[in-house]
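One structure is given below, encoded as structure tokens.
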Amino acid sequence: MKAAYIAIMAAAGIVMTGQAQADEALAKAKNCMTCHALNKKLVGPSYHDVAAKYKGDKGAVAMLAGKIKSGGKGTWGAIPMPPNKVTDEEATKLATWVLSTK
């Protein structure tokens, strides 16, 4: 029983790690990493800072997905974020990933 539990937990960890890497790959493919990094400010805020700012905000995924797709300005300073050529699904996937970073 204990061995089965450990195997299930290990498989879940592999799946979650694979998903996180896939979403980071999407961020790289969509050029998000040109202006953002995981743990330091570049042109825009770090993903860790974004996750911390919106921690516990139930509407954050939808709001960030909208900003990813349509662009935004003023929240993190004077430099605006341009709109990105992403689908609604990709924008939601990216927003969910950003909010999961720590």
Q) Going through the checks in order, is the side chain to side chain contact (heavy atoms under 4.5 Å, CB included) test met by L99 and L64? A) CA-CA 9 Å; L99 293 169; L64 288 176; 3.5 Å; yes
Q. Can you list the steps and then say if T75 with K67 is a side-chain hydrogen bond (donor to acceptor under 3.5 Å, both in side chains)?
A. CA-CA 11 Å; T75 303; K67 285 189 175 195; 2.7 Å; yes
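Under a 4.5 Å side-chain heavy-atom cut-off, the cluster of Ile, Leu, Val, Met, Phe, Trp and Tyr residues that includes V43 is completed by I79.
Looking at every heavy atom in both residues, P83 comes nearest to S70 through CG-O, 3.5 Å. Of all heavy-atom pairs spanning K85 and E90, the tightest one is O-OE1, 4.5 Å. Across A91 and A65, no two heavy atoms sit closer than the pair CB-O, 3.5 Å.
L94 is listed as a side-chain neighbour of L26, based on a closest heavy-atom distance under 4.5 Å. Side-chain contact between I68 and K30 is absent, with no heavy atoms from C-beta onward closer than 4.5 Å. At a threshold of 4.5 Å between non-hydrogen side-chain atoms, the residues K41 and W76 do not count as touching. Residues M81 and H36 are in side-chain contact: their nearest non-hydrogen atoms beyond the backbone lie under 4.5 Å apart. Under the 4.5 Å side-chain criterion, counting only non-hydrogen atoms from C-beta, L38 is not in contact with S46.
A distance-only check finds no donor-acceptor pair linking the side chain of N39 to the backbone of A37 [under 3.5 Å]. Judged purely by atom type and a 3.5 angstrom limit, T92 has no side-chain atom pairing as donor or acceptor with the backbone of E89. Checking side-chain atoms of N84 against main-chain N and O of V86 turns up no donor-acceptor pair under 3.5 Å. Counting only distance, with no hydrogens or angles, the side chain of H48 and the backbone of K40 share no donor-acceptor pair below 3.5 Å.
A chain of hydrophobic side-chain contacts below 4.5 Å, direct or via other Ile, Leu, Val, Met, Phe, Trp or Tyr residues, connects V50 to M63.
In this pair, Y47 and W97 present their aromatic rings perpendicular. The plane angle is above 60°, beyond the 30 to 60° band.
More than 12 heavy atoms of other residues, nucleotides or ligands lie within 6.0 Å of NZ in K53, so this atom counts as buried by the packing criterion.
Every salt bridge (charged side-chain N to carboxylate O under 4.0 Å, His left out) that K69 has, sequence neighbours left out, goes to D88. Residues satisfying the salt bridge (charged side-chain N to carboxylate O under 4.0 Å, His left out) test with K73, not counting sequence neighbours, are none.
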